[in-house]
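For reference, the structure is listed below as structure tokens.
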There are 2 protein chains.
Amino acid sequence: MLNYSTSEENYIKAIFHLQRQDNTVTTNELANELKTKPASVTDMMKKLKIKKLLHYEPYQGFRLSIEGYKVALGIVRRHRLWEYFLAEKLKFTWDEVHEVAEDLEHVSNKKLIDKLDEFLGFPRVDPHGDPIPDAHGKIEISKKICLTDLPLNKVAVVSGVSNQSSEILELLEHKKINIGIKLEVKKRFEFDHSIEVRIGRQPAFTISKELAENIFVKYGS
Amino acid sequence: MLNYSTSEENYIKAIFHLQRQDNTVTTNELANELKTKPASVTDMMKKLKIKKLLHYEPYQGFRLSIEGYKVALGIVRRHRLWEYFLAEKLKFTWDEVHEVAEDLEHVSNKKLIDKLDEFLGFPRVDPHGDPIPDAHGKIEISKKICLTDLPLNKVAVVSGVSNQSSEILELLEHKKINIGIKLEVKKRFEFDHSIEVRIGRQPAFTISKELAENIFVKYGS
DNA sequence: TAAATATTTTAGATTTGTCTAAAAATATTT
DNA sequence: AAATATTTTTAGACAAATCTAAAATATTTA
Ligand SMILES: [Mn+2]
Ligand SMILES: [Mn+2]
Ligand SMILES: [Mn+2]
Ligand SMILES: [Mn+2]
């Protein structure tokens with residue numbers, strides 16, 4: 001596997017994240033995501049196309065190639081392992097890890113990352129509940145259900161949060177909702193779309209529509 | 001403290017190491033150390049002078065300014081903490097850590113480094129026996145004595161090794177000489193300048209002049 | 001001390017990644 | 001189907017870091 005510049009890696013990872021939603025990514029979307037200008041995106045897309053990391057025809061948007069997808073998984077693996085390290089070992093909070101991992105992810109020494117993985121005990125998910133690709137690029141694609149869509153009285157595990165701000169963290173900590181916790185939805189209110197939730201045998205409590213929209217769960221352990 | 005580019009940091013750190021020996025550093029010395037060309041060094045020296053990180057007049061060589069020295073200590077702190085992490089936590093060997101730390105040292109997030117320091121238990125020396133500057137830039141300047149100069153029958157502690165190759169590591173591991181181990185010199189032979197060494201109450205053994213020249217010790221614990 | 005040699009700096013080019021402004025292509029309205 | 005608006009690309013410029021070749025300066029040698 002070749003080595004790519006920090007800038008190339010940031011573009012590749014951003015495309016990886018954006019193309020999950022739609023099928024292809026547009027110049028403006030990517031420029032917006034990376035806080036850069038459309039002209040810069042076009043320049044980089046030409047370069048990544050030459051390196052065969054993506055499919056791109058002028059004005060048609062772009063997608064990662066098989067090779068580009070593999071490279072992206074490597075970057076995501078490094079990013080999430082470092083996030084796990086920061087949260088678990090260095091006691092960073094949940095909302096602080098992303099920014100630091102954004103730099104650490106670009107140190108691409110295979111042995112470093114595989115030993116870090118081992119040191120951490122081969123974690124499956126990062127502090128935001130997102131799956132960590134293994135050394136071979138395998139990634140668990142568990143389908144996440146938004147809390148707004150979870151059927152009533154079905155126990156599910158909180159597996160991720162889509163918003164990573166310190167504001168949502170404050171609220172989640174106050175409500176004692178962490179990744180991995182089991183909960184069920186007891187009731188939905190039509191008026192404000194608020195949701196009544198219960199964790200284990202504790203008394204049920206209410207969370208807002210806004211919060212519920214950002215919490216994802218999955219079935220099973 | 002401002003932020004500097006990876007390239008600027010590599011130059012600053014190299015000057016820091018070179019100026020310990022002599023008083024001022026020359027263009028060729030630095031170009032050689034960084035495996036770059038003299039013209040590139042001159043360009044960077046002009047830039048670092050403008051940033052007030054060093055004293056430099058054309059043709060006169062250069063030294064770090066007080067400010068440049070502080071910046072260098074920060075880089076060295078990061079480098080050596082990562083080296084300690086790699087050796088202690090990830091079980092890298094001694095001769096592998098430098099290369100990886102060379103990249104990790106450029107992730108300059110104050111909180112990351114201070115938390116890493118805490119996680120590691122505030123280590124005083126890196127895996128090569130070199131002192132780690134603390135969060136305020138304080139560094140222990142213990143005077144190292146080369147094993148060739150240690151008086152006979154004086155117990156001293158192995159505190160560093162000047163050569164960092166895997167070849168010297170192989171030999172040191174075979175002879176069971178590690179950083180922190182206590183030893184004394186029992187005899188010196190005029191013929192080949194080999195040295196007879198004893199660790200604790202174990203039987204004495206001989207090491208070559210070449211090896212002794214690369215081992216440094218200090219008195220006390 | 002003058003010539004030869006070595007070191008250092010300058011001049012000019014190159015690569016990478018970015019930007020602004022203008023042109024071209026595409027999409028949306030009327 | 002034009003006209004209008006939006007998106008994307010191109011053209012040209014710029015900063016950072018590097019290089020080669022030539023010029024300037026310093027050091028050594030005879
Ligand atoms: Mn990044
Ligand atoms: Mn994450
Ligand atoms: Mn470095
Ligand atoms: Mn070291």
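In what follows, every chain begins at residue 1, and chains take the letters A, B, ... in the order their sequences are listed.
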Please determine, for the side chain of A:Ala39, which listed nucleotide (D:dA11, D:dT20, C:dT8) has the closest atom?
D:dA11
Measuring to OP1 and OP2 of C:dT16, would you say a side-chain N or O of A:Ser7 lies under 4.0 angstrom away?
no
Taking only the side-chain nitrogens and oxygens of B:Ser40, find out if one of them lies under 4.0 Å from OP1 or OP2 of D:dC19.
yes
Pair B:Glu57 + B:Lys49, salt bridge at N-O below 4.0 Å
yes
Tell me the interatomic distance from B:Asn28, atom CG, to C:dA6, atom P, rounded to whole angstroms.
12 Å
Check the distance between D:dA16's C1' and B:Leu48's CG and give it to me in whole angstrom.
13 Å
Check whether any side-chain nitrogen or oxygen of A:Thr36 sits under 4.0 Å from OP1 or OP2 of C:dC19, and answer yes or no.
yes
Can you figure out which of D:dT8, C:dT8, D:dT20 approaches the side chain of B:Tyr59 most closely?
C:dT8
Got A:Glu210 and A:Asn163 here, is their nearest side-chain heavy-atom distance under 4.5 Å?
no
Taken to the nearest whole Å, CG/A:Asn3 to C1'/C:dT16 is 16 Å
Between A:Phe92 and A:Tyr84, does the ring centre distance come in under 6.0 Å?
no
OG of A:Ser166 to CD of A:Glu173, rounded to nearest 0.5 Å, is 10.5 Å
Determine: side-chain N/O of A:Tyr56 to OP1/OP2 of D:dT9, distance under 4.0 Å, yes or no.
yes
It should be established whether B:Thr42 places a side-chain nitrogen or oxygen under 4.0 Å from OP1 or OP2 of nucleotide C:dT10.
no
Find the distance B:Met44:CE to D:dA16:C1' and express it as a whole number of Å.
8 Å
Can you tell me if the side-chain N/O atoms of B:Lys46 get under 4.0 Å from OP1 or OP2 in C:dT10?
yes
